[in-house]
Amino acid sequence: MDSLSVKTVPLVITGFGHVGRAFVSLLREKTEDLERRYGLSLRILAVARTEGCFYSGDALEVRQISRAGDLWTTGNPSWQEGLKIADVLERHGQGGCLVECTASDLETGEPGLSYITAAFHAGWHAVAASKGALVVGLPALKAVAAENGVFLKFSGATAAALPTLDVGLFSLAGARIEGIQGILNGTSNYILTRMGEGLDYDEALKEAQDKGIAEPDPAHDVGGWDSACKILLITNACLDAAYVLKDVKVSGITGMAVDFVQSARREGRSVKLLATAAPGRQGGRWSLDVRPSLVDSSHPLVHVNGTEKGITFLTDSMGSVTVTGGRSNPRGAAAALLKDIINIYRPPF
Ligand SMILES: NC(=O)c1ccc[n+]([C@@H]2O[C@H](COP(=O)([O-])OP(=O)(O)OC[C@H]3O[C@@H](n4cnc5c(N)ncnc54)[C@H](OP(=O)(O)O)[C@@H]3O)[C@@H](O)[C@H]2O)c1
């Protein structure tokens with residue numbers, strides 16, 4: 001692509017933990033590729049942390065954010081304690097994309113809700129890896145995005161590198177979705193897979209923690225809440241619905257007995273933490289649930305093992321469509337954010 005047709009896009013990154021850092025490192029790795037294949041030059045204008053922003057008024061280099069791998073604030077001319085992202089967006093004017101990577105609260109949606117809303121009001125698009133804002137207020141956010149003529153994309157929040165929304169919204173266009181079922185949490189799937197191989201729950205959880213697969217506090221994953229958020233967001237996005245987290249019946253795998261997993265295995269079945277959205281009778285409300293379920297060899301997700309995830313859509317005209325795989329880690333989430341940005345800006349094809 002010749003340089004005249006390269007579009008420069010400013011980015012503001014909110015939250016600079018595992019995913020935010022993986023995103024910056026992916027951007028560096030892909031700089032040339034993004035220009036050559038998509039005509040995009042993505043420049044980091046600001047990075048927001050809880051206490052302030054890295055911001056210099058121009059594109060930031062990594063050396064203006066961190067030194068020897070550690071975040072650099074004291075004495076850093078690019079670190080602006082107390083600076084708010086809303087002010088950065090206002091100073092810069094229209095025409096960029098906010099990359100939301102904060103740890104979010106599922107009850108208030110903050111801080112992502114305020115960041116995304118500020119971006120829309122400033123005429124910026126937003127892509128999100130965090131779920132809080134979307135779980136709390138997806139319909140309202142979509143309305144504000146539409147009013148301001150900008151896009152909201154959130155592949156990173158809906159199973160990251162596994163394409164879920166892209167399939168549901170684009171690949172299945174024209175088909176009616178009649179059911180959705182997924183293995184949407186890599187941590188619990190890893191634990192169940194290892195229990196199927198003979199470990200008990202505590203051993204499998206400890207192994208997952210030692211390998212950095214499970215968080216030190218795994219409650220959100222093994223309790224089923226991460227899967228619940230994802231099936232809620234996928235259902236709301238694909239059906240243009242407005243279900244809330246309380247509508248999802250959630251039962252996780254915490255403390256599951258190894259005997260249950262082993263006896264299923266002896267019968268040729270596997271235990272999977274399935275997240276399901278199924279239509280109600282006669283066009284009524286859909287039922288959403290997350291629960292450990294027995295699957296047999298004919299189930300489309302039976303071979304989804306370890307940290308892999310998978311999703312099946314049942315449709316009227318395209319039959320059953322299943323996608324499996326995708327990296328379950330910060331790099332996978334960063335790649336999903338990047339994909340969403342490319343798809344917002346790439347020329348039509
Ligand atoms: N890790 C994954 O594999 C993965 C995959 C998909 C989605 N996600 C989602 O992506 C998000 C980020 O995940 P992560 O693993 O990167 O979490 P993390 O390592 O805990 O990073 C979150 C960051 O958010 C920042 N933060 C908190 N409040 C903030 C505020 N008001 N303004 C700006 N920054 C704020 C914190 O930075 P300070 O140091 O400034 O406090 C922290 O470094 C989460 O919502 C997670 O659910 C994660």
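As the structure lists them, so they are numbered: ligands from 1, and atoms in each ligand from 1.
- Using a 4.0 Å cut-off to heavy atoms of S130, the atoms of ligand 1 that qualify are 45 (O).
- Rounded to the nearest 0.5 angstrom, D105 CG and S130 OG are separated by 11.0 Å.
- Taking a cut-off of under 4.0 Å to the non-hydrogen atoms of N329, the atoms of ligand 1 that pass are 3 (O).
- No hydrogens or angles considered: a donor-acceptor pair under 3.5 Å links the side chains of S155 and D340.
- Ligand 1 is never approached by A157 to a heavy-atom distance shorter than 4.0 Å.
- Looking from atom 2 (C) of ligand 1 to the surrounding protein, the closest heavy atom is V19 CG2, 3.8 Å.
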Side chain to side chain donor-acceptor pair (under 3.5 Å) between S41 and R43, intermediate numbers included: CA-CA 6 Å; S41 171; R43 306 279 173 87; 3.0 Å; yes

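- A salt bridge is defined here as a Lys NZ or Arg NE, NH1 or NH2 lying under 4.0 Å from an Asp or Glu carboxylate O, and E61 with R63 fails to meet this definition.
- Atom 8 (N) of ligand 1 has as its closest protein heavy atom A129 O, 3.8 Å.
- Comparing heavy-atom distances from atom 37 (O) of ligand 1 across T73, T50, T14 singles out T50 as nearest.
- In summary, the atoms of ligand 1 found under 4.0 Å from a heavy atom of F16, numbered by their order in the structure, are 43 (O).
- Taking the six-membered ring where the residue is Trp, the centroids of H125 and Y345 are separated by under 6.0 Å.
- The closest protein non-hydrogen atom to atom 19 (O) of ligand 1 is H18 ND1, 2.7 Å.
- Which parts of ligand 1 touch A48 is read off a 4.0 Å heavy-atom cut-off, strictly below it: atoms 33 (C), 34 (N).
- For atom 27 (C) of ligand 1, the nearest protein heavy atom lies closer than 4.0 Å.
- Here L26 contributes atom CG and L34 contributes atom CG; the two are 8.0 Å apart, rounded to the nearest 0.5 Å.
- In this structure, CD1 in I342 is found 8.5 Å from NZ in K30, a value given to the nearest 0.5 Å.
- Protein heavy atom closest to atom 32 (N) of ligand 1, with residue, atom name and distance, is Y115 OH, 2.6 Å.
- In summary, the side chains of K309 and S328 do present a donor paired with an acceptor at a separation below 3.5 Å, with no hydrogens or angles considered.
- Protein heavy atom closest to atom 45 (O) of ligand 1, with residue, atom name and distance, is T102 O, 2.7 Å.
- Atom 23 (C) of ligand 1 has G17 N, 3.9 Å as its closest protein atom, hydrogens excluded (heavy atom only).
- Protein heavy atom nearest atom 5 (C) of ligand 1, with residue, atom name and distance: A333 CB, 3.5 Å.
- Of the listed residues (K230, K131, R49), the one carrying the non-hydrogen atom nearest atom 47 (O) of ligand 1 is K131.
- Distance OG1/T312 to CG/L301: 4.0 Å, rounded to 0.5 Å.
- When only modelled atom types and interatomic distance are considered, E308 and Y190 share no side-chain donor-acceptor pair under 3.5 Å.
- Nearest to atom 20 (O) of ligand 1 among the protein's heavy atoms is A103 CB, 4.4 Å.
- Under 4.0 angstrom from ligand 1, the non-hydrogen atoms of C101 all belong to its backbone.
- A side-chain donor-acceptor contact under 3.5 Å links N305 and K272.
- Within ligand 1, the atoms closer than 4.0 Å to a non-hydrogen atom of P111 are 28 (N), 29 (C), 30 (C), 31 (N), numbered from 1 in the order shown.
- Atoms CG and NE2, on L45 and H92 in that order, are 5.5 Å from each other to the nearest 0.5 Å.
- Less than 4.0 angstrom separates some heavy atom of P330 from each of these atoms of ligand 1: 1 (N), 3 (O).
- Of all the listed residues (G156, G212, G15), G156 holds the heavy atom that lies closest to atom 6 (C) of ligand 1.
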